[in-house]
Amino acid sequence: MTGWLIGGFVAALLIAGGMLMIAISHNGPAVLDAADRLTGGARDAQRKAMISTGEHPQQKLVVWAPEHRDPADAPLPVLVFVHGGSWANGDPLDYGFIARAFVPEGFVVVLVGYRLGEDGRYPAMIEDTARAVAWTHEEIAAYGGDANKIVIAGHSAGAYNVAMVALEEQWLGRHGLATDTVKGVIGLSGPYDFAPFTSDSSKAAFGHVEDPDVTQPVNHVRADAPPMLLVHGEADTLVKPRNTRALAERLNAAGGNAIPVFEPEMDHNRPLIVLAAPFRGNSDMIGLLEGFAHAVTGEAETSVPVQAETR
């Protein structure tokens, strides 16, 4: 009887886990955020503010920081995270799981929203991302963050946004900032070399551009770009891993520092999903990302890979 009970319990867990994965695949980050909150708890991460960065309702950011922190403590490095969604969907309010993953690792976290769809066509999504980085540089000290230790990260379309902000100097330059304001870049499942435009999402966001080459991160590589950690699942069929290979190869050939990491069993969304409870224990993704971020901000002598890595 005990064996039957244990077997039934295990089966129920497997079914529940499968149902959760199905819900995440259909409803995305909001479901993942709810699951993280329910199974992982607050982890001393607290939402401190939601800030409007423009007149459009999607131009906003959300600041998270430790709930319990002595104001006399040294300021923390800052992780600015930009969501994906094919430049058509997404809301930073649904990404609290990113904050609950990285605030306990010693970061202030800024979750960035940007104009989407027709209003967010190139270059609007990049302009809004740069504006959020500029806000962070000017204002994050009020929330315990160090403006001189900013790392920008993104998943999918968000990875494109942060790569362009870091590589093409004009976007931060419009705010009077040099790209070395950004100490490092983390891209998860990012599209960096996808012209000509064949998908509906890329046509909608970039199809109006007369010269498609100007929209591609691979065409803006330079030796003094911030270090980049580029993570991609080899099983990603939505954004092919060749995007990460192309950007890493071109950036390193130009004298820059790109660290590509390929995950053989991961699809497009898995590098994001494993940052949330209850999946957090199934991967060392958080350790990889926070190790890189701490290293490039000088917070730790954490060893990070220096060449392409398959894990």
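Predicted model only: the values in this text are computed from it and were never measured.
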Any side-chain heavy-atom pair of [X] and [Y] under 4.5 Å:
| X | Y | result |
| --- | --- | --- |
| M266 | M285 | yes |
| V239 | H232 | yes |
| P260 | F262 | yes |
| Q46 | P66 | no |
| L93 | R47 | yes |
| M228 | L167 | yes |
| N219 | V214 | no |

Nearest 0.5 Å, what's the [atom1]-[atom2] distance between [X] and [Y]?
| X | Y | atom1 | atom2 | result |
| --- | --- | --- | --- | --- |
| D94 | L32 | CG | CG | 10.0 Å |
| N252 | N257 | CG | CG | 6.5 Å |
| N243 | S189 | CG | OG | 10.0 Å |
| T39 | F279 | OG1 | CZ | 8.0 Å |
| I150 | I140 | CD1 | CD1 | 7.5 Å |
| L275 | R270 | CG | CZ | 10.5 Å |

What residues, two or more places apart in sequence or in another chain, satisfy side-chain contact (heavy atoms from CB on, under 4.5 Å) together with [X]?
| X | result |
| --- | --- |
| R280 | D36, R43, A101, A277, I286 |
| L238 | D236, H268 |
| H68 | D44 |
| R222 | E169, T179, D224, A225, P226 |

N/O donor-acceptor pair under 3.5 Å between [X] side chain and [Y] backbone:
| X | Y | value |
| --- | --- | --- |
| H208 | K203 | no |
| S86 | A88 | no |
| T244 | P241 | no |
| N161 | T129 | no |
| Q59 | H56 | yes |
| Q216 | A195 | yes |
| K240 | T237 | no |
| Q58 | L116 | yes |

Restricting to non-hydrogen atoms, name the atom on [X] and the atom on [Y] that form the minimum distance, rounded to 0.1 Å.
| X | Y | result |
| --- | --- | --- |
| T198 | S202 | N-OG, 3.6 Å |
| A65 | V103 | C-CG1, 3.8 Å |
| V162 | A153 | CG1-O, 3.6 Å |

Looking at D33 and R100, does any basic side-chain N land under 4.0 Å from a carboxylate oxygen?
yes
Would you call E139-R131 a salt bridge at under 4.0 Å N-O?
no
Does F102 form a side chain to side chain contact (heavy atoms under 4.5 Å, CB included) with E290? I'd like the steps, not just the answer.
CA-CA 7 Å; F102 289 99; E290 66 87 9; 4.2 Å; yes
Whether [X] and [Y] hold their rings parallel, tilted or perpendicular, with breakpoints at 30° and 60°:
| X | Y | answer |
| --- | --- | --- |
| F81 | Y95 | tilted |
| F206 | W87 | perpendicular |
| W171 | Y122 | perpendicular |

Hey, mind stepping through V80 and V151 against side chain to side chain contact (heavy atoms under 4.5 Å, CB included) and telling me if it holds?
CA-CA 6 Å; V80 176; V151 175; over 6 Å; no
Are there over 12 heavy-atom neighbours, none belonging to K48, within less than 6.0 Å of that residue's NZ?
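Atom NZ in K48 is crowded, with more than 12 foreign heavy atoms closer than 6.0 Å.
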Using distance only, find each side-chain donor-acceptor pair of residues 106-115 under 3.5 Å and give its atom names and separation, not counting sequence neighbours.
unit_1	atom_1	unit_2	atom_2	d
Y114	OH	H83	O	2.8
R115	NE	D128	OD1	3.3
R115	NE	D128	OD2	2.8
R115	NH2	E127	OE1	3.4
R115	NH2	D128	OD1	2.9

W64: what forms a side-chain hydrogen bond (donor to acceptor under 3.5 Å, both in side chains) with it, not counting sequence neighbours?
none
Step by step, work out the side chain to side chain contact (heavy atoms under 4.5 Å, CB included) result for E168 and I126.
CA-CA 10 Å; E168 193 176 3; I126 306 172; 5.5 Å; no
Do Y192 and F194 have ring centres separated by under 6.0 Å?
no
Verify side chain to side chain contact (heavy atoms under 4.5 Å, CB included) between H137 and L177, making sure each step is shown before the conclusion.
CA-CA 9 Å; H137 184 262; L177 299 176; 3.7 Å; yes
